[in-house]
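One structure is given here, and the rest of the page talks about it.
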Amino acid sequence: MSNRTKCFARMVIAVIACVFIVYGTARGELEIVLNKAVNICLECIGLG
Amino acid sequence: MKRKIVQIIAFGYSNAHLLNFKGGKIYQGKWKRFCNPGLNCYSCPAAGFACPLGALQAVNGSMEFQFSFYVVGVLLAFGVLLGRAVCGWLCPFGLIQELIHRIPSPKLKLKKIFLYLKYLVLVVFVFMLPITATNYMGMGKPAFCQYICPAGTLQGGIPLLGTHEELRQTIGALFSLKMTILLLTIVGCVLIYRFFCRTLCPLGAIYGIMNKISLCHLEVDGYQCINCGKCKNVCKMEVAPVREPDSAECIRCGACAQICPQNAIHVGKPFRQTKWLTKKDKQCRDAKEAE
Ligand code: SF4
Ligand code: SF4
Ligand code: SF4
């Protein structure tokens, strides 16, 4: 991959990342993450 | 040494709530809505942030959504900036594996075919199963956490089961499976450098793909390189940095850059381009040197 292509790919993915984060935050995904993370996850500890 | 210090600091900020170990509680503050860049179980009593893999599966398997834009966006952002430098410098479970590898034993190399297993784990356990294997309410389970993740067993399972009698009473076959995977991981890491990172970690798979374009990358100056092979020999991830500086396995640890007698390898110089020498270039260089 040439340096130009890499730079272009970096910029496109950086923009996609920002849009995804903003959109995901706006539709309330952070609350689902928080809800999962503040309770003991039975699957993680091998009981679920 | 510099890398170890960064790794220890990263381990510390990821697991700052050490007092929670005493009562077997987990941190429940607002910071847990944000993802850690590396693998660090959010069911660990000390963890201050969410595990990105756990968070991804939680949203993918939720009733409301089948795809997490937020977590994928965070992973793309970390990936495009750092690639697998996250693994080499910031991931708590990566540090744990490096420490385990220090246990004296014969050290083995990994067969290349096993490197592809992590991509299969990513597709099947992180994306497919949480979305497709749902209950009557449309909720899926985090299959990677449930059936594989040794970080969850080590950081969450053991301390929480050790402090909660009521949880111990519900131990079953699943816990035995996860303990077996943890033990295999530990033995694997004693024998093979970062065994779990290289064979099973879906997060390593994501960042590995991003290594191709990440801002933090490996720079090889073909005009300086004399093909002595020292960089390849020193690399514990079994990468040949001159041939494949963008390898998905390179964790940007910098060992190759340090050992290079020609100072031909640099880590993290985003805007310089790797220069490849043709045979003619090499002849020119040698002729110049001879003059
Ligand atoms: S079990 Fe593993 S993947 Fe799941 S939340 Fe814990 S560390 Fe993350
Ligand atoms: S491969 Fe996974 S466990 Fe290993 S350092 Fe990277 S994120 Fe951490
Ligand atoms: S030694 Fe070099 S090629 Fe190997 S993982 Fe470290 S930075 Fe990458």
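Residue numbers start from 1 in every chain, and the chains themselves are labelled A, B, ... in the order their sequence lines are given, proteins ahead of strands.
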Discussion item. Do B/Asn36 and B/Ser14 pair up side chain to side chain, a donor and an acceptor below 3.5 Å, judged on atom types alone?
Written reply: yes
Practice prompt. Sort out for me which of A/Ile13, A/Leu42, A/Ile45, A/Val19 touches chain B most, counting heavy-atom pairs under 4.5 Å.
Written response: A/Ile45
Worksheet item: Would you call B/Glu64 and A/Arg27 a salt bridge, taking side-chain N to carboxylate O under 4.0 Å as the test?
Response: no
Worksheet item: What residue in A/Leu30, A/Ile32, A/Asn39, A/Thr25 has the most heavy-atom pairs under 4.5 Å with chain B?
Response: A/Leu30
Fill in: B/Ser214 portion near chain A, given a 4.5 angstrom heavy-atom threshold
backbone
Worksheet item: Taking C-beta and beyond as the side chain, do B/Phe67 and B/Val72 meet within less than 4.5 Å on heavy atoms?
Response: yes
Practice prompt. Find the one option among B/Phe34, B/Phe144, B/Tyr70, B/Trp31 whose heavy-atom pairs under 4.5 Å with chain A are most numerous.
Written response: B/Tyr70
Item to complete: Please state whether the side chain, the backbone, both or neither of B/Met210 comes within less than 4.5 Å of a heavy atom of chain A.
Response: side chain
Fill in: Candidate list B/Phe49, B/Tyr42, B/Tyr27, test ring-ring contact (aromatic ring centres under 6.0 Å, His included), partner B/His17, passing option
B/Tyr27
Response to the item:
Max heavy-atom pairs within cutoff under 4.5 Å with chain A, candidates B/Leu154, B/Leu76, B/Leu161, B/Val71, goes to B/Leu76
Practice prompt. Select, from B/Leu177, B/Thr153, B/Leu56, B/Leu160, the one with the greatest count of heavy-atom pairs under 4.5 Å involving chain A.
Written response: B/Leu160
Worksheet item: Would you call B/Glu244 and B/Lys212 a salt bridge, taking side-chain N to carboxylate O under 4.0 Å as the test?
Response: no
